[in-house]
A.B. asks: 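I have a structure I would like to understand better, so I am pasting it below and will then ask my questions one at a time.
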Amino acid sequence: MIDFNTFRALYAEAKNYDSEGKYIMERGWQEWMNGLDDADEIANMLRKIYSMANGGFSEIVSHYKNMKQMCNFFGIPYSTAQKWSIEERNPSDYVLLLLAYATINIDKMHKSE
């Protein structure tokens, strides 16, 4: 599981790149990568971080079966998520950050239960 401070830094850095490939290639080796199995797993994690940082709420939802599943998992009222989805309202930046962090770590969280 990637720690929150590391994730937050990677998420913020991803917002500064207009290319996923460049974002991934310029990371270099970082200590958090030691906990992952191979280069493909690292690249996949960075791809997800980049896509969620730059794709917003709709990109986060795409990592779930559907928006209803995501809402049930996080306890978000479905009507709120619908408003975010059609951009009638926008989730706060910190909400997006926390949703993205949980989404990145969801598999690891379920394994530790």
Side-chain angles (χ1 to χ4, degrees):
M1 198 162 130
I2 188 169
D3 75 84
F4 183 70
N5 288 327
T6 300
F7 175 82
R8 186 173 54 185
L10 291 168
Y11 185 90
E13 289 170 6
K15 289 181 169 250
N16 295 321
Y17 282 82
D18 58 1
S19 162
E20 177 186 277
K22 189 172 182 180
Y23 168 72
I24 292 170
M25 290 186 328
E26 290 187 359
R27 290 310 92 216
W29 191 261
Q30 298 173 355
E31 192 169 322
W32 68 269
M33 296 173 179
N34 291 332
L36 300 175
D37 292 333
D38 58 33
D40 287 338
E41 189 176 357
I42 293 166
N44 286 335
M45 169 117 27
L46 291 170
R47 273 189 204 90
K48 286 180 183 178
I49 292 170
Y50 179 86
S51 69
M52 287 189 283
N54 290 289
F57 181 71
S58 61
E59 181 60 33
I60 294 169
V61 172
S62 76
H63 291 272
Y64 296 87
K65 189 166 103 177
N66 54 46
M67 191 163 51
K68 188 93 170 154
Q69 180 198 38
M70 188 202 72
C71 288
N72 289 338
F73 182 78
F74 289 113
I76 298 169
Y78 190 69
S79 61
T80 299
Q82 286 178 313
K83 289 175 184 172
W84 292 345
S85 179
I86 62 172
E87 297 181 0
E88 183 179 311
R89 301 190 78 187
N90 293 310
S92 301
D93 289 341
Y94 71 88
V95 170
L96 292 174
L97 173 67
L98 293 171
L99 289 172
Y101 179 67
T103 300
I104 283 291
N105 287 302
I106 199 164
D107 293 335
K108 306 260 191 274
M109 290 188 303
H110 285 299
K111 288 178 184 173
S112 65
E113 289 180 348

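Residues: numbered from 1 along the sequence shown.
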A.B. asks: Distance check, rounded to the nearest 0.5 Å: Ile2 atom CD1 versus Phe7 atom CZ?
C.D. replies: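 That separation rounds to 7.5 Å.
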
A.B. asks: Rounded to the nearest 0.5 Å, what separates atom CE in Met25 from atom OH in Tyr17?
C.D. replies: 10.0 Å

A.B. asks: Can you tell me how far CD1 of Ile104 sits from CZ of Phe4, rounded to the nearest 0.5 angstrom?
C.D. replies: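 Phe4 CZ to Ile104 CD1: 12.5 Å, rounded to 0.5 Å.
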
A.B. asks: Got a sec: does the CG of Asp18 have more than 12 other heavy atoms crowding it under 6.0 Å?
C.D. replies: no

A.B. asks: Which word best sums up how the rings of Tyr23 and Tyr50 line up, parallel for under 30°, tilted for 30 to 60°, or perpendicular for over 60°?
C.D. replies: tilted

A.B. asks: Considering all heavy atoms of both residues, which atom of Ala100 and which atom of Met52 are nearest to each other, and what is their separation?
C.D. replies: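 Result for this residue pair: O-CE, 3.7 Å.
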
A.B. asks: To the nearest 0.5 Å, how far apart are CD in Glu13 and CD1 in Ile49?
C.D. replies: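 Going from CD on Glu13 over to CD1 on Ile49, the span is 9.5 Å.
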
A.B. asks: So, taking the atom named CE in Met45 and the one named CD1 in Ile24, what distance separates them when rounded to the nearest 0.5 Å?
C.D. replies: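 Going from the CE atom of Met45 to the CD1 atom of Ile24 covers 12.0 Å.
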
A.B. asks: Under a 4.5 Å cut-off applied to non-hydrogen side-chain atoms, are Glu41 and Asp38 in contact?
C.D. replies: yes

A.B. asks: Which atoms form the tightest heavy-atom contact between Leu46 and Met33, and what is the distance?
C.D. replies: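 Leu46 and Met33 have their closest heavy atoms at CD1-CE, 4.4 Å.
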
A.B. asks: Do Phe73 and Gln69 have side chains that approach each other closer than 4.5 Å (heavy atoms only, starting at C-beta)?
C.D. replies: no

A.B. asks: Do you know which two heavy atoms are closest between Asn54 and Lys15, and how far apart they sit?
C.D. replies: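 Closest approach of Asn54 to Lys15, heavy atoms only: OD1-CA, 3.7 Å.
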
A.B. asks: May I ask you to test the Tyr64-Ile106 pair for a side-chain heavy-atom distance under 4.5 Å?
C.D. replies: yes

A.B. asks: Would you give the length of the straight line joining atom CG of Asp3 to atom OH of Tyr101, rounded to the nearest 0.5 angstrom?
C.D. replies: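 Result: 6.0 Å between the selected atoms.
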
A.B. asks: Enumerate donor-acceptor pairs with a distance under 3.5 Å from any side-chain N or O in residues 74-88 to protein atoms, sequence neighbours excluded.
C.D. replies:
none

A.B. asks: Does a sphere of radius 6.0 Å around CG in Asp93 hold more than 12 heavy atoms from other residues, nucleotides or ligands, not counting ones at 6.0 Å or beyond?
C.D. replies: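 Atom CG in Asp93 is not crowded, with 12 or fewer foreign heavy atoms closer than 6.0 Å.
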
A.B. asks: Below 4.5 Å, heavy atoms only, C-beta onward: do Arg27 and Leu10 meet side chain to side chain?
C.D. replies: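 Yes, at least one pair of side-chain atoms sits under 4.5 Å.
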
